[in-house]
Amino acid sequence: MKKRRFLNGWTLITAACFLFFLFFFLYPISRIFINSVYNFETGAFSMKSFVKFFTKRYYTNTVWNSLKVTSLATLSTAFFGGTLAYLARTIRLRGKRVLDIVMLISVLSPPFIGAYSWIVLLGRAGVVTEFINKLFGIQFEGIYGFSGILLVFTIKLSPLVYLYVSGALKNLDNSLNEASESMGCRGVRKIVTVILPLILPTLLASALLVFMRALADFGTPMLIGEGYRTLPVLIYNSFIGEVSQDHSFAAAISVIIVAFTTAIFLLQRWVAGRVNIEMSSMNPLEPKKATGIRNVLAHAYAYVFILLELLPIIVVTFNSFQNTQGSMFVEGFSLTSYVKAFNSMGSSIANTYMYSIAALFIILVIGILVSYSSVRRPSVLTAVLDTTTMFPYIIPGSVLGISMLLAFNKPPLTLSGTAMIIIAAYVIRRLPYTIRSSSAILRQISPSVEEASQSLGANGAETFVKVTVPMMISGVLPGALMSWMSIISELSASIMLYVGTTKTMTISIYTEVIRGNFGVASALSTILILSTIVVLLTFFKLTGRSEIEL
Amino acid sequence: MSVTIKIEHAVKKFGSNTVIKDLSLTVEQGEFFTLLGSSGCGKTTLLRMIAGFNSIEGGDFYFNDKRINDMPPYKRNIGMVFQNYAIFPHMNTFNNVAFGLKQQKVREPELSRRVNEMLETVQISELRDRMPKNMSGGQQQRIALARAIVMQPDVLLMDEPLSNLDAKLRVEMRTAIKHIQNACKITTIYVTHDQEEALAISDRIAVMREGVIQQVGAPITIYQHPANLFVATFIGQSSLMDATALHVDGQPAVKLYDGSVRVLPGMRADIADGTALKLCIRPNEFHFADEGLNASVEERVFFGDTMRYTLRLDNGQVIEIKQDIHQPLAQIGEKVKLSFRSDVVNAFDAHSEVSVMKEVVQA
Ligand SMILES: Nc1ncnc2c1ncn2[C@@H]1O[C@H](COP(=O)(O)OP(=O)(O)O)[C@@H](O)[C@H]1O
Ligand SMILES: [Mg+2]
C-alpha cells in the first residue's frame, strides 16, 4: 500500500513538472504558430504574414543574410576553434591554463560586448581604423555589416568549439594516435583520417550550438550589422519596433526561424547518429614539446587568439574607467561611470542577481526531479517530459520571448512586465542542459546505494533527500554554475520581456549602448564579466579542478 | 530479533519472462543460509524479493508469522550488503555506519557507542573519519557489513559480497563474515556462485538452477549425497560413468560398461534391474588396483600432497583421479587397472537424473 503511494508521489511530481513546461513553454510556443495565421482581434485566418514575407525581396533577403553569415561563422569557428584545440592538446603550450580560462570567460561574457568593442577598435572612428588610415593614407571605413558580424561571431564563438573539442580530445586514447603513427600515417593525413573522424560527433554538436547561437544572436547584428539585416533583428523590429508593430508578422518570422533551427537540429542528429563513437581514454593524449618553427607558430596562434578574445574585455574595462562627456570618452580616468551605473542602474544590477539566482534555484529543483523520475522511474509520462524538455534547444531566445509575450499579455494570464516571466524564460532556456547533465550523473550512480539506504530504514522521500540529492549535487554543481553565468548574460529573450522595473544588466547595457552612454555600458559590462571571473575562479579554487564541462 | 523466513510458492516474472516459477523455502532462525547457483539462475532476484526491491508476482513471504509481501523495504528491518558495496560516497565511515541508527532516531551517546563498537568488530576503527573515495574494496565491504549489522536487523541479506575482492581478501573476509554472524546470530541469506565459498561458510545451502531449488542441505550432505545429477556435478568435481542396475544375492548392484559388476550398498533396493544409471565418482574415490577397469595414463600433475592423473579408459572416456602422494605412482603412458569405492559413490537414474541412493531423501 505504502509503496503505491510513493510511486504516485513521483507521478505527481512528474505531472507537475510537465504542467510547468506546458504552461511556460508549450502553450507560448503554440501561440506563435497560431498567431502567425490567426488574428485574435478579427478572428480571421490568413496566410498574409507568410505571403508578405515570401513575396518581398526585402524579407527573403533577410533569411539569406542570416543563413549566409551564420553558416560561414559556423564553418570558421569550427576551423579556428578546432585547430586551436588540437594544437593545445598535442603541443605543450606555455600559458595553456590562461588560454583555457580566457576561452571560458569569452564564452560566458555578454553576447554583444564583442560587437561594441570591435566598433570601438575597428569601427568608423575606431582606434585601429584611424591608425591604419593615418599609416597608409587610405580611407578604410571600418568593419560593419557582413564582415563585422562574421568577425565578431568568429571571435566570440570559436571558444565554444575550442572547449568542446578540447574535451573530446581529452577522451581520445593516445594509443590510437600512436597506432596510426606506427603505421606511417602522420601529420595532416593522420588528423584527417584518424583524429577528425573520432572527434566528429563533438565537432558537429558544437557546430550545432554555434549555429543556433549565431542564428539567434540579436545584439551583434543590431549593433554592428548596420544595413545587414538578420532574422532576430527583423523579429525585434516588427514586434517591438517603434515604427510599426505587427505581431502576426513577428510570429510568422518566428515560425520560419524555428523551421530552420529544427531542420538544422534534425540534420545534425542524423549525421551525428551515423558517426556515433564511444570513447573513454585510459591513456590520454599528452601534449608534447615542439621545437623550432612549429613551436613558434603554435604559440603565436594561441597567443593571437588569447589577445583577440581578451581585447573586447580589455576595451570595456578600459572604457569603464575613462571620463565621459555625453557619449564621448575624454581625457582622464575616474569611477564616474560606476557611480552613474550604480545610481541609475542599481535596480538592474539587483534584478540580475535576484532573477538569476531564483531561476537557478528553480532549474536545479526541476532539473533534479525530472532527471530522477525519468532515470529511476521511467514511464510514458517521463519519456514525454524528457523529450519536450529538450525542445528549448531549438527555440532561439527571441522567439521564446515573443511567444511568452503573446501568451501572457492579456487577462486572465497577464504576466508581461513581471519578474516571473523573465525568470520563467531563463528557466526554460537553461533547463535542458541541467536535465541532461543530471540524468547523465544519475546514470552513473548505482541504484544499490539508494537501496542500501532503504534497507537501513529510510523511506523513498528520505532516501531521495539524504542520499540521492547529496550524491548528485557535486556533479550537478558545475553545470549549475555554467547556467548561472549564461543567465546573467542572457539578452535575446529578456529584451522582449522587460519593462522599466524588470531591467537586468544585459538589457541596461544594450539600452545604454543604443543611447550612446558608453561609459555606463562599459561599467556594467565590467561588473558582469567580473562576476563571471570571480565565480569561475572560486569554483576552480574550491574544487581543485582546472576544467569545467560546458 | 532474528526471525524464521518462510517462502511459499514464490513466483517472479519480468514482463513475460518467468524467472522463478514456484519456489518454497524455509530459513531457520539464526541460520547462515546460502543460495548457490550459476550466474543468471535467479539468486539475486529471489534475494531482492525478500528485501522488497523486487515486486512479487505470486506466493507468500513470511518473517516469522508476518506476511511481508506488501511491506516496503524500509520497514522490513533487514540489513543488506551489496556486491558493489553501495557505500554512501558523500559520508565518512562513521556516518555511513550511523545512517540507519540516525534513521531510527538513536541519540548520542548511544549512537557513537554502537557505531564505534561495530567499527571495532569489523576492524576498521582507524577509518572512522575517512571518506570512502580512496578506500580499498575490502575496507568498503567492511563498512557495508558494519552498516548493515549495527542495525541489529531481523535478517541479513548479502548478494555476492566478496566477488569484487581478490582471492586472498575473499578468504579473509569470508572468515570475518562467518565470525560476526556467529556472534550475533542474525538469520542470514547469502548469495554466491562460488561453491567453495558456500561450502566453507554456510549452515545450509540451497542449490538453484533456472529459478528452481535443486537441493537444500548442510554443506556435507550436499557434497556427499547430492539429490540429483546437476548438484553432483555442480558441487565439486566428478566423473560420470554409464551403468545398469541389477541385484546380486538380493543386494543392489551395478553392471559397468566392461561387464564387471559392483555391489552398491548405499543404493536403494527397489531399483528395477536393467534401469539405466549414471555413476558419479569423485577423483579421490578412485584408486589403482590389481583388478578393475583398464586405463592408460595420459597426463599427471603434482600438487604436493596429491597427484592428479588424467586417464583414458578403454572405452575412450577421459576421467580425472586424485591419489595420495604416498601411493605407488603411475607413469605417463602406463597401463593401469582402476577401481573405486563402491560404498561412497553416488548413482543417478540416467533419465530422470534423480539420485537412487538411500541416504537422499527426495523432497
Ligand atoms: N530487472 C530485470 N528485468 C528483466 N530481467 C531480469 C531483471 N533482473 C534479472 N532478470 C533476469 O532474471 C534472471 C535471473 O537473474 P538474477 O537473479 O540476477 O541471476 P543471478 O543473481 O542468479 O545471477 C536472468 O535471466 C536475468 O536476465
Ligand atoms: Mg546476482
Side-chain angles (χ1 to χ4, degrees), chain A residues 1-12 364 368 371-372 375-380 383 437-438 440-480 542-545, chain B residues 44 47-48 50-56 68-91 95-106 131-133 140 143-161 164:
Chain A
M1 304 296 113
K2 279 273 150 48
K3 183 153 192 172
R4 187 156 301 161
R5 210 171 70 199
F6 170 56
L7 282 179
N8 275 345
W10 277 107
T11 316
L12 225 67
L364 278 178
I368 289 178
S371 63
Y372 183 86
V375 172
R376 290 286 197 254
R377 314 199 179 259
S379 67
V380 179
S437 66
S438 320
I441 288 153
L442 202 53
R443 282 196 194 91
Q444 288 170 3
I445 299 176
S446 159
S448 56
V449 181
E450 288 154 57
E451 290 172 357
S453 156
Q454 292 209 34
S455 76
L456 292 168
N459 66 27
E462 288 168 329
T463 297
F464 182 73
V465 173
K466 290 182 185 171
V467 175
T468 314
V469 172
M471 279 194 302
M472 287 177 73
I473 210 77
S474 68
V476 172
L477 206 64
L542 285 183
T543 58
R545 297 197 208 192
Chain B
T44 299
L47 196 76
R48 290 170 59 84
I50 299 169
F53 296 126
N54 274 352
S55 61
I56 297 168
I68 54 156
N69 283 43
D70 298 317
M71 195 189 274
Y74 58 92
K75 290 205 173 150
R76 294 192 182 193
N77 198 20
I78 50 169
M80 184 131 177
V81 179
F82 296 84
Q83 184 169 7
N84 61 357
Y85 323 132
I87 298 298
F88 303 129
H90 58 295
M91 298 179 195
N95 285 328
N96 259 286
V97 178
F99 183 87
L101 294 177
K102 285 183 184 164
Q103 209 55 46
Q104 288 184 342
K105 308 263 184 293
V106 174
M131 297 299 281
K133 201 161 45 182
Q140 294 201 27
I143 299 177
L145 195 61
R147 184 176 70 177
I149 294 177
V150 76
M151 302 288 293
Q152 301 172 343
D154 293 342
V155 176
L156 182 59
L157 304 174
M158 298 195 243
D159 189 358
E160 314 227 9
N164 287 347

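Convention: sequence-line order gives letters A, B, ...; per-chain numbering from 1.
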Quick check on the interface: out of A/Thr463, A/Ile473, A/Val467, A/Ile445, who has the most heavy-atom pairs with chain B under 4.5 Å? A/Val467
Where does A/Ser453 contact chain B at under 4.5 Å (heavy atoms): side chain, backbone, both or neither? both
Side chain, backbone, both or neither: which part of A/Glu462 has a non-hydrogen atom closer than 4.5 Å to chain B? side chain
Output for pair (A/Glu450 CD, B/Phe88 CZ), nearest 0.5 Å, gives 9.5 Å
With chain B as the partner, which of A/Glu451, A/Lys466, A/Met471 has the greatest number of non-hydrogen pairs under 4.5 Å? A/Glu451
What part of B/Met71 gets within 4.5 angstrom of chain A, counting heavy atoms only: side chain, backbone, both, or neither? neither
Identify which part of B/Met80 has an atom lying under 4.5 Å from any heavy atom of chain A, answering side chain, backbone, both or neither. both
Whatever's closer than 4.5 Å to a heavy atom in chain A on B/Arg147 counts as both
Here the gap from B/Phe53 atom CZ to A/Ser455 atom OG, rounded to the nearest 0.5 Å, amounts to 5.0 Å
Contacts of type salt bridge (Lys or Arg N to Asp or Glu O under 4.0 Å), residue A/Arg443, not counting sequence neighbours: none
Please check this pair: side chain of B/His90 against backbone of A/Val469, looking for a donor-acceptor N/O pair closer than 3.5 Å. no
Among residues 97-106 of chain B, which ones touch chain A with a heavy-atom distance under 4.5 Å? B/Phe99, B/Gly100, B/Gln103
Tightest non-hydrogen contact, residues B/Phe82 and A/Ser448, listed as CD2-CB, 3.4 Å
Search all heavy atoms of B/Ala86 against all heavy atoms of A/Ala452 and return the closest pair with its distance. O-CB, 3.9 Å
